[in-house]
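Take a look at the structure set out below.
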Amino acid sequence: MTKLLKESQHREAAQIIRDGGLVAFRTETVYGLGADATNDEAVKKIFTAKGRPSSNPLIVHFHSIKHLKQYFDLNPEIERILRLITEALTVTLPASDMIAKSVLAGHATAAVRIPSCKFARKFIRACGVPIAAPSANTSTRPSPTDWRAVQDDLEGKINAIMMGRRTRIGIESTVIEMQDKGLGINILRQGGVSMKKLREQTGLDVKLATSPEELQKSPGTRFKHYSPSYPIHILTDFFDIMGLTYQKEYVVIGYSNHFNYTDKNILYIGKNARQANANLFYLLREAERILNKSKSKKDKIIVIEDLPNTDEYASVRERVQKASIGGDK
Ligand code: TXA
Ligand code: MG
C-alpha cells in the first residue's frame with residue numbers, strides 16, 4: 001500500500017525515509033523518488049520499484065550548498081556555478097565514501113543537485129540526510145510532473161507519495177561536468193537549463209558531450225526513455241498529417257496554429273519553450289489516457305508536431321526524439 005500524504009506532512013514522510021523507505025516528492029523539474037542516499041539497502045529499493053537498470057546511477061539531492069559540503073569537496077568553480085544557476089542543474093563531482101555504493105552504479109563521480117523548489121528543500125532538510133532520487137516513473141515511461149502520474153506508475157511499489165502541485169519546469173535537470181582543465185562545461189544530459197543560459201550566466205565555454213568517452217560518463221542517455229504505451233510519430237510537415245493518421249486512432253500534440261485546438265484529439269503544447277517543457281510529459285500521459293479510453297480497433301498512435309530547432313527547445317526536442325525511437329531498454 002502506498003500512503004498518500006499532504007506536503008504539510010513532510011515530517012512523517014521524512015521519518016519513512018529515515019526508516020529506509022521510498023517517498024515520491026515534488027521538485028521544480030519533475031517528481032523524484034527519494035531514498036536515504038547513505039543507506040545502500042534503501043537505495044536498492046529504488047531500482048527495484050522503477051525496474052531501473054542497476055548500471056544507471058542516481059542523482060543525490062541536498063538542501064543547500066552547506067549541506068552538500070558536509071559530504072563532498074566542492075571545487076570553487078563548481079560552487080560558483082551552483083550559486084549562479086540555482087534551478088534544474090545537476091553537477092558531477094568526484095565520488096564520496098559517505099554516499100551508498102549503489103547510488104553510483106560503479107561510476108567514479110556522483111551527480112549532485114540542490115533543487116530550487118522550496119518544498120523539496122524543506123523535505124530534504126527534515127530528512128536530515130542527502131536524498132538519492134531519480135524521476136518517480138517506471139523505467140522507460142515519461143517522467144511524472146504531477147503526483148497522479150507517480151501513482152499511475154508506482155502505486156503499491158513505494159511507501160508514500162506527497163501530493164503537491166504540478167511541477168513548474170516539467171523537464172528534468174541539466175546534468176553537467178567540468179571539462180578536464182576546468183575551462184568549460186560539458187552537458188551530459190540536456191534539461192531545464194539551456195546551453196545558451198549556461199554559457200551566458202557562467203561565461204564559460206559549453207558543449208554537448210558527444211565523444212564516446214564523454215557519452216560513457218552519461219549513462220542515462222543509452223537507455224530507452226519517456227515512452228507512453230503507443231508509438232509516437234514526429235510530424236515534420238503539416239501536410240503529412242492525413243497520410244500519417246489515415247485509418248488510425250490518434251492524438252496530436254500540436255504546436256503551430258495549423259491545428260484547431262478545440263478538436264477532441266488535439267492537445268496544445270504551448271506557444272514557447274517554457275510551456276513546451278512544462279507540458280510535454282504531462283501531455284504524453286494525457287494522450288495515452290485518451291487512447292486507453294477509446295474502444296476503437298484501429299491502430300493507435302500519438303503524433304507530435306515537430307518543435308522549432310532552436311537552443312531553447314533543444315531539451316524538449318531531445319525528449320520527443322527519444323520517446324519516438326525507443327532504445328536499448
Ligand atoms: O530533475 C531531475 O534531475 C530529476 C529530479 C527528481 O531531481 N531527477 C532525474 O533523475 O531526472 P533520473 O535518475 O531520472 O536521471 C538522472 C540522470 C540519468 O541520465 C543518469 O544516468 C545521470 O543523471 N547520472 C546520474 N549520475 C551520474 C554520474 N555520476 N555521471 C553522469 N551522469 C549521471
Ligand atoms: Mg528519469
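Both counts, for ligands and for their atoms, begin at 1 and track the order of listing.
- Between the side chain of Asp153 and the backbone N or O of Thr138, at least one donor-acceptor pair lies under 3.5 Å.
- For the side chain to side chain donor-acceptor pair (under 3.5 Å) test, no residue two or more places apart in sequence or in another chain qualifies with Glu200.
- Follow the hydrophobic side-chain contacts under 4.5 Å out from Ile176 and you never reach Ile171; the two are in separate clusters.
- The option from Gly192, Gly32, Ala133 that lies nearest to atom 8 (N) of ligand 1, judged by heavy atoms, is Ala133.
- When every heavy atom of Ala49 is checked against every heavy atom of Leu154, the shortest pair comes out as O-CD2, 3.5 Å.
- For Glu177, no heavy-atom contact with ligand 1 is shorter than 4.0 Å.
- There is no path of hydrophobic side-chain contacts, each under 4.5 Å, that joins Leu5 to Leu33.
- Checked against the 6.0 Å centroid threshold, His10 and Phe123 do not count as a close aromatic pair.
- Contact annotation: for Ala111 versus ligand 1, heavy atoms closer than 4.0 Å belong to both the backbone and the side chain.
- Heavy atoms of other residues, nucleotides or ligands lying less than 6.0 angstrom from CZ of Arg289 number more than 12.
- Within the structure, the closest approach of Glu28 to ligand 1 does not fall below 4.0 Å when heavy atoms are considered.
- Using a 4.0 Å cutoff on heavy atoms, Arg52 counts as a contact of ligand 1.
- The residue Arg26 has no part lying near ligand 1, judged by heavy-atom distances below 4.0 Å.
- Of all the heavy atoms of Thr92, the ones lying under 4.0 Å from any atom of ligand 1 belong exclusively to the side chain.
- The side-chain tip of Arg319 does not point at the ring of Phe281 from less than 6.0 angstrom away and within 45° of straight on.
- Looking at ligand 1, you'll find an N or O of Ser173 within less than 3.5 Å of one of its N or O atoms.
- Near Glu172, with a cut-off below 4.0 Å to any heavy atom, the atoms of ligand 1 are 1 (O), 2 (C), 11 (O).
- Checked against Ile17 for a side-chain contact (heavy atoms from CB on, under 4.5 Å), the options Asn39, Ile131, Ile124, Asn159 give a single hit: Ile131.
- Ligand 1 places these atoms under 4.0 Å from at least one heavy atom of Thr109: 28 (C), 29 (N), 30 (N).
- Near His61, meaning under 4.0 Å from any of its heavy atoms, are these atoms of ligand 1: 5 (C), 6 (C), 7 (O).
- Which of Pro53, Ala110, Pro57, Ser143 comes nearest to atom 22 (C) of ligand 1 through a heavy atom is settled by distance: it is Pro57.
- Numbered from 1 in the order shown, with element, the atoms of ligand 1 that lie under 4.0 Å from a heavy atom of Val30 read 4 (C).
- At least one N/O/S atom of Ser135, whether from backbone or side chain, sits less than 2.8 Å from the Mg ion (ligand 2).
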